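Down below is the structure, laid out as structure tokens.
Computed from a predicted structure; not experimentally measured.
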Amino acid sequence: MTDEAGAQRTKVQQIADDLKAAIERGDDGFRPGDRLPGENALAAQYGVASLTARRALKVLSTEGLVESKKGAGARVLSFQPIRRRGIPRLASEQWGSGKSIWSADDHRAPDVDQIAVQEDATPPEHIRGVLDLGPGEGACVRSRRYVMEGRPVMLAASYLPQALVAGSLITQADTGPGGIYARLSDLGHAPTRFREEIRVRLPTAEEAAQLSIPTDRAVIKLARTAFDAAGRAVEINEMTLDSAAYVLDYEFDA
């Protein structure tokens, strides 16, 4: 990297860091819904080219702190991130009482669209191995998208052994009160233990399109496996979360 390019990158980062700090403090003009200074104003303020200021605003957009609309400039995002409470949301008293696990996270209820249920599907090999499916055994795959306040926030695909759930509401678009876990309980395979694996990567083009996010914004990949009392894996849920829409919250006793 040349000294000139390095200096420009430093300026871009300096402007972006200053704007992020002002947003976090909630300074006047930097509160949710407020319009940020335009690139020309920022260029004049920092003594840089308009392109440098534009790149700084792009950093904020990529990180999900601002939203830009053509002709309207950049505004501080007014969307309140979802606080995903990883432990209480999966408690049996939550889904066992017919509540949505989402209600443990947020007072806002998401809309669910792009629901697709495929029975007797051939799952990926890593799914087949964890579900311990034998030769010729298929899976029921439930795919859906979650939208909060008009904003797509998560994609999810659940894999369950076909032989276990055949003929149950799990194979229907609407699984009923308490969702998949309540229906597994009805079948005598209530989840008693969960394991979640979390990693972060850039989205695929398809994921970015479904979530309506830029391709350079990271997504959170969360894979949850549910086990019944016998230790059998009865569901694997692979989720893709917009990293700017979530706070992952884990609280537990020492």
Side-chain angles (χ1 to χ4, degrees), residues 79-121 123 127 130-131 138-198 210-211 220 222-242 245-252:
F79 180 83
Q80 182 66 35
I82 301 161
R83 185 167 291 274
R84 185 183 186 278
R85 305 184 189 279
I87 293 177
R89 73 195 311 270
L90 295 176
S92 58
E93 56 263 27
Q94 183 71 23
W95 47 264
S97 62
K99 297 178 183 176
S100 164
I101 61 177
W102 277 78
S103 63
D105 297 337
D106 203 292
H107 67 279
R108 299 166 293 178
D111 295 315
V112 185
D113 67 6
Q114 299 184 6
I115 301 172
V117 181
Q118 184 180 3
E119 294 195 68
D120 208 22
I127 299 289
V130 175
L131 292 180
C140 174
V141 185
R142 298 181 52 84
S143 302
R144 61 271 192 206
R145 183 178 72 164
Y146 293 84
V147 181
M148 187 75 83
E149 296 179 345
R151 170 179 174 164
V153 294
M154 184 177 78
L155 312 173
S158 290
Y159 298 82
L160 305 100
Q162 177 66 36
L164 180 66
V165 303
S168 74
L169 281 176
I170 290 174
T171 64
Q172 304 301 310
D174 184 357
T175 56
I180 290 174
Y181 297 146
R183 301 294 75 75
L184 283 171
S185 180
D186 295 342
L187 294 170
H189 293 273
T192 60
R193 180 170 62 91
F194 295 94
R195 182 181 68 227
E196 289 193 340
E197 301 172 348
I198 301 171
Q210 284 185 279
L211 289 170
I220 300 169
L222 198 156
R224 180 175 67 236
T225 306
F227 301 89
D228 66 11
R232 178 185 182 183
V234 291
E235 185 231 20
I236 300 173
N237 188 357
E238 293 195 332
M239 293 160 271
T240 304
L241 289 66
D242 174 1
Y246 277 89
V247 174
L248 303 186
D249 186 331
Y250 293 90
E251 180 179 348
F252 42 87

| query | Nearest heavy-atom pair of Val117 and Cys140: which atoms, and what distance? | reply | CG1-SG, 4.0 Å
| request: Indicate whether any N or O donor in one side chain lies under 3.5 Å from an N or O acceptor in the other, for Ser103 and Gln94. | output: yes
| message | So Val153 and Phe79, do their side chains get closer than 4.5 Å, heavy atoms only? | response | yes
| Under the ring pair (Phe, Tyr, Trp, His ring centres under 6.0 Å) test, residues paired with Phe194 that sit two or more places apart | Tyr181
| note | Smallest heavy-atom separation, Pro123 atom then Ala139 atom, equals CG-CB, 4.1 Å
| query | Can you list the steps and then say if Ile115 with Val112 is a side chain to side chain contact (heavy atoms under 4.5 Å, CB included)? | reply | CA-CA 7 Å; Ile115 301 172; Val112 185; 3.8 Å; yes
| note | Residues Thr171 and Val165: closest non-hydrogen pair is CG2-O, 3.5 Å
| remark: Separation between CG (Leu184) and CH2 (Trp95), nearest 0.5 Å, reads 8.0 Å
| request: List the atom of Tyr246, the atom of Met154, and the distance in Å for their closest heavy-atom pair. | output: OH-CB, 3.7 Å
| message | Checking Leu187 against Ile170 for the side chain to side chain contact (heavy atoms under 4.5 Å, CB included) test, could you report, in this order, the C-alpha distance in whole Å, the side-chain angles of both residues, the deciding distance, and whether it holds? | response | CA-CA 10 Å; Leu187 294 170; Ile170 290 174; 4.3 Å; yes
| Under 3.5 Å, side chain of Arg142 to main-chain N/O of Leu160, donor-acceptor pair present? | no
| request: Enter the distance from Ile180:CD1 to Leu169:CG here, rounded to the nearest 0.5 Å. | output: 11.5 Å
| said: Ala157: which residues meet the side-chain contact (heavy atoms from CB on, under 4.5 Å) condition with it, sequence neighbours left out? | reply: Ser143, Tyr159
| field | Exercise: identify the closest heavy-atom pair between Val141 and Ala121 | value | CG2-CB, 3.8 Å
| task | Output, in order, the C-alpha distance, side-chain angles, deciding distance and verdict of side chain to side chain contact (heavy atoms under 4.5 Å, CB included) for Arg89 and Ile87. | result | CA-CA 6 Å; Arg89 73 195 311 270; Ile87 293 177; over 6 Å; no
| note | By salt bridge (charged side-chain N to carboxylate O under 4.0 Å, His left out), Glu251 pairs with (sequence neighbours left out) none
| said: If I take atom CD from residue Gln162 and atom CG from residue Leu164, how far apart are they, to the nearest 0.5 angstrom? | reply: 9.5 Å
| query | Does Asp105 reach the main-chain N or O of Arg85 with its side chain, forming a donor-acceptor pair under 3.5 Å? | reply | yes
| query | With a 4.0 Å cut-off, would you call Asp242 and Arg151 a salt bridge? | reply | yes
| message | Let me confirm one number: the CG-CE distance from Asp111 to Met148, rounded to the nearest 0.5 Å. | response | 9.0 Å
| query | Can you tell me how far CZ of Arg195 sits from CZ of Phe227, rounded to the nearest 0.5 angstrom? | reply | 4.0 Å
| remark: Across all chains, not counting sequence neighbours, the salt bridge (charged side-chain N to carboxylate O under 4.0 Å, His left out) partners of Arg83 are Asp249
| field | Distance, nearest 0.5 Å, that separates OG1 of Thr240 from CG of Leu222 | value | 9.5 Å
| said: With no hydrogens and no angle check, just 3.5 Å: does a side-chain donor-acceptor pair link Ser158 and Arg144? | reply: yes
| task | Can you sort out the partners of Glu196 under salt bridge (charged side-chain N to carboxylate O under 4.0 Å, His left out), two or more places apart, ordered by chain and number? | result | Arg84, Arg224
| request: Please name all residues satisfying salt bridge (charged side-chain N to carboxylate O under 4.0 Å, His left out) with Arg232, sequence neighbours left out, ordered by chain then number. | output: none
| message | Would you say that more than 12 heavy atoms from the other residues, nucleotides or ligands in this model lie under 6.0 Å from the OH of Tyr250, or not? | response | yes
| note | When every non-hydrogen atom of Glu235 is compared with those of Leu131, the smallest separation belongs to N-CD2, 4.1 Å
| So, the side chain of Arg183 versus the backbone of Thr175: is there a donor-acceptor pair under 3.5 Å, distance only? | yes
| said: Quick one, Ile220 with Leu248, criterion side chain to side chain contact (heavy atoms under 4.5 Å, CB included). Give me CA distance, side-chain angles, the key distance, then yes/no. | reply: CA-CA 10 Å; Ile220 300 169; Leu248 303 186; 4.3 Å; yes
| query | Side-chain contact, heavy-atom cut-off 4.5 Å: Ile82 with Arg108? | reply | yes
